[in-house]
Amino acid sequence: GLGLTNKKAENFGEWYSEVVVNSEMIEYYDISGCYILRPWAMSIWESMQAFFDPEIKKLKIKNCYFPLFVSPGVLEKEKEHVEGFAPEVAWVTKSGKTDLDVPIAIRPTSETVMYPYFSKWIRGHRDLPLKLNQWCNVVRWEFSNPTPFIRSREFLWQEGHTAFATKEEADKEVLDILELYRRIYEEYLAIPVIKGKKSELEKFAGGLYTTSVEAFIPNTGRGIQGATSHCLGQNFSKMFDIEFEDENREKAKVWQNSWAYSTRTIGVMVMVHGDDKGLVLPPKVASIQVIVIPVPYKDADTQGILDACSATVNTLVEAGIRAESDLRDNYSPGWKYSHWEMKGVPLRIEIGPKDLANQQVRAVRRDNGAKIDIKSVDSVEEIKKLLGNIQQNLLEVAKQKRDECIQVIHTWDEFVQALGQKKMILAPWCDEEEVEVDVKARTKGETGAAKTLCSPFEQPELPEGTKCFASGKPAKKWSYWGRSY
Ligand SMILES: O=C1CCCN[C@@H]1CCCn1cnc2ccccc2c1=O
């Protein structure tokens, strides 16, 4: 029947798989690591896109589309950039029964697809800045445990690729885009994130520096990279000869960025807000914000109740609220309550004989279960307010839970203890790579090693003489550490 067999606090992995399927977002596919995105998931992707695409167009970024296929020559152009990733690259080796003389790679990301053409298109400084984005799928044939939305062999994302004459312009754009990612998480998905810089070990090896928004999953005590905005420096322009004649007719290499968020965002939302009744959708990304359900009663005026439901939906829709009714006569009200709770619809409206008689409706919030009687005449205004409160409450509750998981430490013993308590750890660090490698080695265990998540832009006070928690050397910065996805 209805309802989840797994509890979020008891077996998180099974709970998550059940929620994404029972909420009708995901259907498992017969190829491991590949998932069907059903409309209930696709509409969430589309609502984020409906925010992000106009925003990047305001920044004069233009959408394009490059081929899915990459010729081996360019993919292997730079050993450093690709070597660590090579095992994940999927290759086309045949067409029909015939072997291709040269295998063709499927894009895992598009730097090497795009940049030979950036080199062709950029001649003079008047060709700059070049700012392109594409909405597409990418393929990475990963072998670690596949998880819908979080880690799949094919996923949807947007990838921005930009080229500037100066480093200053590139540095500014990195942060402009990172702010858009923060807004996606905090204003749409109601998920708190931390903006910061990745360590040298964790950054994109092909770039100059990596910034990211980091989320945290309290149930597993793992950090998760929410989205990433890299400054590539001139690494790729040197590799691909992307140069221009500057004002004093000198040849100069361009400064580049690349940035992405993916369908992983949806998985983070499920993990953070979901509960034992199923999915919980923030109103901003809910394709149905209000579901209206008739509660007929024996010989009471059933037609009157059905008409009131339809009238309520029409009034709400006219006011721009995404409302629908569930008038199916082959399901009980109780069944419908569970069904739409499982799908995470933020607000339910019940209309029974009493409500009809009193010219009111009963609203039930999905986030905290509160029941509110609303005068039908005030329904639009009251429901808009309720949806706003739900959006804000989801963020506040998530922020409070996340903050409870943050632990500031100063010593190795405190670090190990906090790690065991599934915390997101804020620690003073000497910023030396071999110390980071050492921490990974010393915390290797069945639940995975601890790594740096990011060094937050907002740095707490670092008193003179503070020691690195892991090496005892003078600490240079505060960094977040933890196990991660
Ligand atoms: O993050 C982004 C943002 C969007 C554009 N690409 C960058 C960097 C991607 C890093 N990466 C990630 N997995 C890979 C897998 C196979 C080959 C290459 C790669 C690879 O370069």
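For ligands, and for the atoms within them, numbers begin at 1 and follow the listed sequence.
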Leu59 side chain near Ile177 side chain, heavy-atom distance below 4.5 Å: yes
Ring pair (Phe, Tyr, Trp, His ring centres under 6.0 Å), paired with Trp45, selected from Trp157, Phe149, Tyr261: Tyr261
Charged N-O contact under 4.0 Å between Arg123 and Asp127: no
Around [atom], find the nearest protein heavy atom and jot down its residue, atom name and distance.
| atom | value |
| --- | --- |
| atom 16 (C) of ligand 1 | Phe85 CB, 3.1 Å |
| atom 21 (O) of ligand 1 | His81 NE2, 3.0 Å |
| atom 1 (O) of ligand 1 | His230 NE2, 2.9 Å |
| atom 9 (C) of ligand 1 | Thr109 OG1, 3.8 Å |

Polar side-chain atom of Trp40 near backbone of Lys343 as donor-acceptor pair, under 3.5 Å: yes
Donor-acceptor under 3.5 Å (Tyr16 side chain, Pro148 main chain): yes
Counting each atom of ligand 1 from 1 as listed, which ones have a heavy atom of [X] under 4.0 Å away?
| X | result |
| --- | --- |
| Pro108 | 15 (C), 16 (C), 17 (C), 18 (C) |
| Thr228 | 1 (O) |
| Ala260 | 3 (C), 4 (C) |
| Glu88 | 15 (C) |

Lys251, NZ: over 12 other non-hydrogen atoms inside 6.0 angstrom: yes
Test of proximity, Glu111 against ligand 1: N or O pairs below 3.5 Å: yes
Aromatic ring proximity, centroids under 6.0 angstrom, Trp255 and His230: no
